[in-house]
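Below is one structure, written out as structure tokens; comments come after it.
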Amino acid sequence: MKQKRLALWLKCIIVGTGVCGAAVYFYLLPFWGGKIAAASPGLAHCYWPWQLFLWLTAVPCCAVLLLGWRIAADVGRDAFFSKPNARRFRKVALWTLGDTAFFFLGNLLLLAIGYSHPGVAFLACLIVFAGIAVAVASLLSSHLVYKAARLREENELTI
């Protein structure tokens, strides 16, 4: 597969992920939250704290998508193995770890003040595990891309 075609596919995947994420954050979650609040009036006071909390978790996701777009653009220019891409993968890992920590601590806080349920906190642990897995994969990718970039630079200097 040619670099430009691969970059186009990556960009399509990034756009699709962004559209799906927007649908989840701005349609499904408010819809489900409204249904739960309507079905259980005792939980209606929890709707807006949870909604704002979940919307805040979307901010790092947007930053990661932007970094992914830049990486895909470098793939199209045949510059994937570069130090800027290694830094971008590291930033993806840091954004992911930050978002995961925020999500975990926010869930604990909402549980502590009585705005959550232990079952929700348990399910949040699965999301936290997935976030940690993405962060570790991004750190590994950063390390490998950095090593490949160094090798590429050394080979370009060889006569």
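- Here the side chain of Asn85 pairs a donor or acceptor atom with the backbone of Phe80 at under 3.5 angstrom.
- Minimum interatomic distance between Ser116 and Ala121 (heavy atoms only, all atoms of both residues): OG-N, 4.5 Å.
- Distance CG/Leu109 to CZ/Phe104: 12.0 Å, rounded to 0.5 Å.
- Both Phe31 and Trp48 belong to a single network of hydrophobic side chains, linked directly or stepwise wherever heavy atoms of I, L, V, M, F, W or Y lie under 4.5 Å apart.
- For an aromatic pair to be called close, the ring centres must be under 6.0 Å apart, and Tyr115 with His45 satisfies this.
- Val134 places a side-chain heavy atom less than 4.5 Å from the side chain of Ser138.
- For the pair Thr96 and Ala135, the tightest heavy-atom approach, listed with the atom from each and the gap, is CG2-N, 4.0 Å.
- Clustering ILVMFWY residues whenever any of their side-chain heavy atoms sit less than 4.5 angstrom apart, transitively, puts Tyr27 in a cluster other than the one holding Val59.
- Arg88 places none of its side-chain heavy atoms less than 4.5 Å from the side chain of Val145.
- Taking the six-membered ring where tryptophan is involved, the planes of Phe53 and Trp50 are perpendicular, since the angle between them exceeds 60° and thus also 30°.
- For Ile13, the side chain to side chain contact (heavy atoms under 4.5 Å, CB included) partners at least two apart in sequence or on another chain are Thr17.
- Within the model, atoms CG of Asp74 and CD of Gln3 stand 11.0 Å from one another, a figure rounded to the nearest 0.5 Å.
- Summarising the local packing, CZ of Phe129 is surrounded by 12 or fewer heavy atoms from other residues, nucleotides or ligands at distances under 6.0 Å.
- Within a 6.0 Å sphere centred on NZ of Lys11, heavy atoms belonging to other residues, nucleotides or ligands number more than 12.
- Side-chain heavy atoms closer than 4.5 Å link hydrophobic residues (I, L, V, M, F, W, Y) into clusters, and following such links, even through other members, never connects Leu65 to Trp9.
- Summarising the geometry of Ala86 relative to Ser142, their closest heavy-atom pair is O-OG, 2.8 Å, with the distance given to 0.1 Å.
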Practice prompt. Evaluate side chain to side chain contact (heavy atoms under 4.5 Å, CB included) for Ile36 paired with Tyr47, printing each intermediate quantity in order.
Written response: CA-CA 9 Å; Ile36 292 170; Tyr47 177 78; over 6 Å; no
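- Between the OG atom of Ser82 and the CD1 atom of Ile71 there is a distance of 9.0 Å, given to the nearest 0.5 Å.
- Within 6.0 Å of atom CZ in Arg90, 12 or fewer heavy atoms from other residues, nucleotides or ligands are found, so the atom counts as exposed in its surroundings.
- In this structure, Leu29 CG and Leu54 CG are separated by 5.5 Å, a value rounded to the nearest 0.5 Å.
- Rounded to the nearest 0.5 angstrom, Leu144 CG and Leu139 CG are separated by 11.0 Å.
- Looking at residues two or more places apart in sequence or on another chain, you find a side chain to side chain contact (heavy atoms under 4.5 Å, CB included) between Ala7 and Val75.
- For the pair Pro60/Phe102, no side-chain contact is recorded, criterion being any heavy-atom separation below 4.5 Å from C-beta on.
- Ile132 and Leu126 are not part of a single hydrophobic cluster, where members link through side-chain heavy atoms under 4.5 Å apart.
- Taking 4.5 Å as the limit, every side-chain heavy atom of Asn107 sits out of range of all side-chain heavy atoms of Leu111.
- Taken from NZ in Lys83 to CZ in Arg150, the straight-line distance is 7.5 Å, to the nearest 0.5 Å.
- Under the 4.5 Å side-chain contact rule for hydrophobic residues, Phe103 and Leu108 share a cluster.
- Side-chain contact between Tyr25 and Thr57 is present, with heavy atoms from C-beta onward closer than 4.5 Å.
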